[in-house]
Trainee: 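I have a structure here, written as structure tokens, and I will follow up with some questions on it.
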Amino acid sequence: MTPDGMTLDRFAVLLEAYGADPARWPDAERAAACALLDRSSEARARRDAAAALDALLDRAAAVEPSSTLAERILAQAPRRPKVIRLRARVVAAVGLAAAASLALWLTWRPGAPRTLEPAAVARLGEYQTPTDALLSAVDLDADDTMPEFGCDDPEVDCDDSDLAQPRPTASRTRAHEEMDA
Amino acid sequence: MLRVARGDGDACRLLVERHLARVVSFAARVLASPSEAEDVAQEAFARVWTSAASWKPGVARFTTWLHRVVLNLCLDRLARRRETPLDDAPEPADPAPTPAGQLEEADVTRIVTREIGSLPERQRTALALCHYQGLRNDEAAEIMGITVEAVESLLARARRTLRERLRPLAADLLGA
């Protein structure tokens with residue numbers, strides 16, 4: 001027996017069962033059997049005898065499938081379900097619609113803005129905002145409600161240069177005057 | 001198999017292209033009848049199509065599973081064949097030996113095929129799986145539902161029988 005456990009008897013059993021081709025030997029014993037083959041002339045003689053039988057076995061007729069068999073088998077194969085095919089068509093239709101929309105968006109250009117004749121502009125009259133209309137009803141001008149910048153109250157000793165202070169609103173200024181009074 | 005279950009035609013065709021020749025070859029050797037092998041192949045792939053939806057990846061190798069399906073179909077046919085009255089059974093091949101030195105290539109093929117076909121059913125199956133299909137001994141054991149040691153024993157008996165029966169042929173062809 002060799003250190004790897006392969007004996008000539010076991011080697012003979014391998015040949016008897018699996019033949020001379022190491023590819024057919026069991027994975028776990030292949031390396032040990034090949035090692036024995038390298039160092040034993042008797043192992044090689046037995047291997048050659050087994051190879052002669054292998055050569056005969058390889059002459060057995062190989063049966064090839066007929067040319068129509070594959071198609072007959074495939075005719076029985078499962079088909080894609082109809083619901084999936086319908087879904088595929090819907091997906092294709094949505095894709096086509098999206099592509100058409102994109103193409104339209106890329107190619108469409110709006111026309112130049114229309115210009116009005118002077119006579120048409122005159123018919124439109126002066127533009128008045130809603131704020132203008134509300135203030136004119138109480139005889140106020142929006143510009144008049146804005147206070148002057150700076151401070152003119154001598155009692156609080158304002159520094160005219162302190163313009164970074166928050167600007168008082170119109171209502172704050174009015175309340176201030178009432179308190180002062 | 002998942003793609004086959006979804007009805008993917010390309011996956012079905014790929015599966016047939018990869019396995020059909022081996023399936024037919026295996027069935028022909030187990031049945032010792034090429035004419036029945038195509039029927040078995042068709043039945044085996046019908047099982048593939050119906051089993052695809054319930055296929056669980058990782059549970060079994062597809063090749064091992066397919067061989068087991070084919071073997072079971074072959075064994076069913078062999079059992080029915082045994083039940084066939086002798087009058088209806090096909091004529092056995094002519095066992096008359098061909099004189100040595102006059103063998104053509106076709107004769108060698110015919111004789112070797114005939115001798116393999118005359119082996120006992122289980123020896124023939126083990127030889128077909130390990131020698132001709134190139135499967136490992138543990139795969140053959142799983143397909144046949146026996147131990148690895150039993151596979152090894154069947155193979156050894158098959159080869160011993162064939163060596164004896166083919167000895168004149170080997171002497172003529174190989175000078176052995």
Side-chain angles (χ1 to χ4, degrees), chain A residues 6 9-31 33 44-88, chain B residues 4-9 11-13 15-17 20-21 23-25 27-29 34 37-38 41-42 44-46 48-50 52-53 105 108-113 115-117 126-127 130-132 134 136-138 148 151-156 158-160 162-163 166 169-170 173-174 176:
Chain A
M6 180 58 62
D9 285 346
R10 177 59 189 160
F11 185 75
V13 170
L14 289 181
L15 293 175
E16 190 82 355
Y18 303 103
D21 184 357
R24 291 195 175 100
W25 298 344
D27 293 345
E29 295 175 283
R30 188 178 301 121
R44 286 193 292 276
R46 291 188 182 197
R47 189 268 319 268
D48 293 344
L53 180 60
D54 285 350
L56 276 178
L57 294 182
D58 290 340
R59 297 202 186 198
V63 179
E64 297 290 332
S66 66
S67 58
T68 59
L69 180 59
E71 292 309 318
R72 276 186 278 143
I73 287 170
L74 286 168
Q76 301 174 319
R79 306 269 180 211
R80 212 177 279 276
K82 282 183 179 175
V83 63
I84 293 178
R85 278 184 274 171
L86 177 64
R87 193 182 303 158
Chain B
V4 168
R6 288 198 296 264
D8 184 331
C12 294
R13 185 169 292 279
L15 205 67
V16 170
E17 284 173 358
L20 179 58
V23 164
V24 170
S25 176
R29 293 193 197 286
E38 293 211 352
Q42 205 161 342
F45 274 98
V48 172
W49 305 147
T50 53
E105 183 68 26
V108 177
T109 297
R110 181 176 54 79
I111 293 168
V112 174
T113 306
E115 294 302 339
I116 292 171
L127 191 70
C130 291
H131 186 87
Y132 292 105
R136 296 193 313 265
N137 55 2
D138 60 323
V148 170
V151 169
E152 204 165 277
S153 171
L154 288 169
L155 286 171
R159 288 177 67 95
R160 263 199 304 272
L162 289 172
R163 189 185 305 114
L166 298 175
L169 201 59
L173 289 171
L174 307 168

Trainee: Between A:A50 and chain B, with a heavy-atom cut-off of 4.5 Å, which part of the residue counts as in contact: side chain, backbone, both or neither?
Mentor: both

Trainee: Apply side chain to side chain contact (heavy atoms under 4.5 Å, CB included) to the pair B:F45 and A:L74, showing each step before the final yes or no.
Mentor: CA-CA 9 Å; B:F45 274 98; A:L74 286 168; over 6 Å; no

Trainee: Taking A:Y18 for its side chain and B:L155 for its backbone only, find out whether a donor-acceptor pair lies under 3.5 Å.
Mentor: no

Trainee: Of the backbone (N, CA, C, O) and the side chain (C-beta and beyond), which part of B:V4 lies under 4.5 Å from a heavy atom of chain A, both, or neither?
Mentor: both

Trainee: Suppose we screen for side chain to side chain contact (heavy atoms under 4.5 Å, CB included). Which residues come up paired with A:P22, at least two apart in sequence or across chains?
Mentor: A:W25, A:R30, A:C34

Trainee: Taking all non-hydrogen atoms of both residues, which atom of B:V112 and which atom of A:A60 are closest, and how far apart?
Mentor: CG1-CB, 3.8 Å

Trainee: Checking heavy atoms, do the side chain of B:L166, its backbone, both or neither come under 4.5 Å from chain A?
Mentor: both

Trainee: Between A:A23, A:A62, A:G19, who has the most heavy-atom pairs with chain B when the cutoff is under 4.5 Å?
Mentor: A:G19

Trainee: If you count heavy-atom pairs within less than 4.5 Å of chain A, which of B:T109, B:L127, B:L15, B:V148 leads?
Mentor: B:T109

Trainee: Do B:E115 and A:R59 meet the salt-bridge criterion of a basic N to acidic O distance under 4.0 Å?
Mentor: no

Trainee: For the pair B:E38 (side chain) and A:S66 (backbone), establish whether a donor and an acceptor sit closer than 3.5 Å, ignoring hydrogens and angles.
Mentor: yes

Trainee: Could you tell me which non-hydrogen atom of B:C12 sits nearest to which non-hydrogen atom of A:P78, and how far apart they are?
Mentor: SG-CD, 4.2 Å

Trainee: Name all residues meeting the salt bridge (Lys or Arg N to Asp or Glu O under 4.0 Å) criterion together with B:R159; count only those two or more places apart in sequence or in a different chain, and write none if there are none.
Mentor: A:D54

Trainee: Test side chain to side chain contact (heavy atoms under 4.5 Å, CB included) on A:D58 and B:H131 and set out the steps.
Mentor: CA-CA 9 Å; A:D58 290 340; B:H131 186 87; 3.0 Å; yes

Trainee: Taking atom CD1 of A:I73 and atom CZ of B:R13, what is their separation to the nearest 0.5 Å?
Mentor: 11.5 Å

Trainee: Could you tell me which portion of A:R24 (side chain, backbone, both or neither) has an atom closer than 4.5 angstrom to a non-hydrogen atom of chain B?
Mentor: side chain

Trainee: At a heavy-atom separation under 4.5 Å, does B:A41 approach chain A through its side chain, its backbone, both, or neither?
Mentor: both

Trainee: Is B:D138 in contact with chain A via its backbone, its side chain, both, or neither, using a 4.5 Å heavy-atom distance?
Mentor: neither

Trainee: Report the option among B:L20, B:V16, B:V151 that has the most heavy-atom pairs separated by less than 4.5 Å from atoms of chain A.
Mentor: B:L20

